[in-house]
Every structure is written in C-alpha cells, then in structure tokens.
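Down below is the structure, laid out as structure tokens.
Read the numbers this way: they start at 1 and go in the same order the structure lists the ligands and their atoms.
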Amino acid sequence: MTGRYRITSKLLLSGFEPFLGNGINPTEAIVSALDGDQIGGVDGITITGAILPVDFQHGFERLLEAYQCVQPDIVLMLGLAAGRPGISAERIAVNCDDSAPDNAGCAPHGSPIDPTGADGYFSTLPIERMVQALKDHGYPAFISNSAGTYLCNHVMYAMLNHIRKTRVQVPAGFVHVPASHELAVSAASSSSPGAPLPSWAQSDLNAAIKIVIGVLGEKLA
Ligand code: PCA
C-alpha cells in the first residue's frame, strides 16, 4: 500500500457462506462478530460486514452492492482456506476462474473474470505489516502468493479491478483464514479417516482479524 487514508474510516469486511464439503465457514462468524464494531475508538475504523454467496455469478454482485451502499475507505475480504495452518494475507489476484463447482453448480475452466481487465492485481493493503502485527501478537501468519482460482480469488480480483477502473483510492485486499476447531471436528467426523485439519479457536480467528483491522487503521507514513 502506498497512499494515505483518513484516520476515521469505514471498512467493508466481507466473508463467505459455507461451500463444497465445509459445513461451516468461520469467516461468516468473524464478520457477524465484528459487524458494527468500532476499532480504535471514535477516530478509528467502523466495520460494516457482508456475507457473500459462494457463487461466481452473484458473489461479487453482493460485494459490489455493499461497497456502493457503504462507500468504504478500505475493503478487507475474508475467506476460508481449510488446510492452511495460519492466517494468510494474499499478495495477488489473477484474472482467471478455474475450479470445482460453486454452490450453484458452476465450475469454470480457465475463464477470464474480466476479458478487458489486467492479468492480475496486487493487494493494496499493507500485507507485510499485517503479517508482522499478527506474529507480534503470537498468531502464525504469512504472505500467500496465490489466492487460488475459486471464489476468493474471483472477488479479490473483481473488487481490485472495479477500484482500478473507477479510479478511486480505496485500499483493498484479501485474507484467508484457517479452519476453526468446530469445522475441523465436523470434517473429521464426516469424512474418511486422516489427519485432522489444522484449526484455530473461533475467538482467536476473530481476534486476529481485529489485529489486522488495527493495522489498517494506522495512519500510513
Ligand atoms: N473460501 C473459498 C471460497 C469461499 C471461501 O471462504 C476460496 O478460497 O476460494
């Protein structure tokens, strides 16, 4: 991230509904817990939450609706990356949908998200500082160089593409979170035996995202 934004800011926080074999999406619980919160006092960040459908046709539509309604100063998108051991700040989104079926049964094979868009967009959030702050608070975190080619990459790409094409200065980016204990337990009991998913307490996931938002609220030098 290279610009500045006001100390008093509106942050749009998105998460997703459950998808594929995951009966729970911990990002839904994070967004519900933080919706309406003010982080950093009266001069801090006010959070508005949006839960998106895991649907190539309607996922970004829902995010854009919330974006246009809230007119946020910052956009932080969240998604579940079941199997990853820590919080991962995504570096880049690519112009490609290529995946297993979404919740509406749509399984794209290498289609561009926007045929007129750039091949990729870098996150405009301070990903290094976000990861460092998480580690400083004792939470495992890392930068990820691929958000995949499913819904998370799709909405990250589409949001950054929209921001670029409308020539506004709104920092935006994506953070993947690991499974919650609840998801790991339900996955272990519903699928074939194997190592359980790495998982975190939901309260730690919520706390970690608050730390990330705290970083976004710091005035950039
Ligand atoms: N994770 C999926 C889509 C929805 C979610 O929470 C992904 O990583 O693309």
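- At a heavy-atom cutoff of 4.0 Å, ligand 1 is surrounded by Phe16, Phe19, Asn25, Val54, Gly79, Leu80, Tyr150, Leu151, Cys152, His176.
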Enumerate donor-acceptor pairs with a distance under 3.5 Å from any side-chain N or O in residues 58-68 to protein atoms, sequence neighbours excluded.
residue, atom, partner, partner atom, Å
His58, ND1, Glu61, OE1, 3.0

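- Taking a 6.0 Å sphere around CG of Asp136, one finds it holds more than 12 heavy atoms contributed by other residues, nucleotides or ligands.
- With respect to the salt-bridge test (charged N to carboxylate O, under 4.0 angstrom), the residues Glu128 and Lys135 do not qualify.
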Please list every donor-acceptor pair under 3.5 Å in which a side-chain atom of residues 28-36 meets a protein atom from a residue at least two apart or in another chain.
residue, atom, partner, partner atom, Å
Ser32, OG, Glu28, O, 2.9
Asp35, OD1, Gly49, N, 2.8

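- Cluster partners of Phe122, by chain and number: Ile92. The rule joins Ile, Leu, Val, Met, Phe, Trp and Tyr whenever side-chain heavy atoms lie under 4.5 Å apart.
- With Asn161 as the fixed residue, the side chain to side chain donor-acceptor pair (under 3.5 Å) test singles out one of Asp114, Thr116, Asn95: Asp114.
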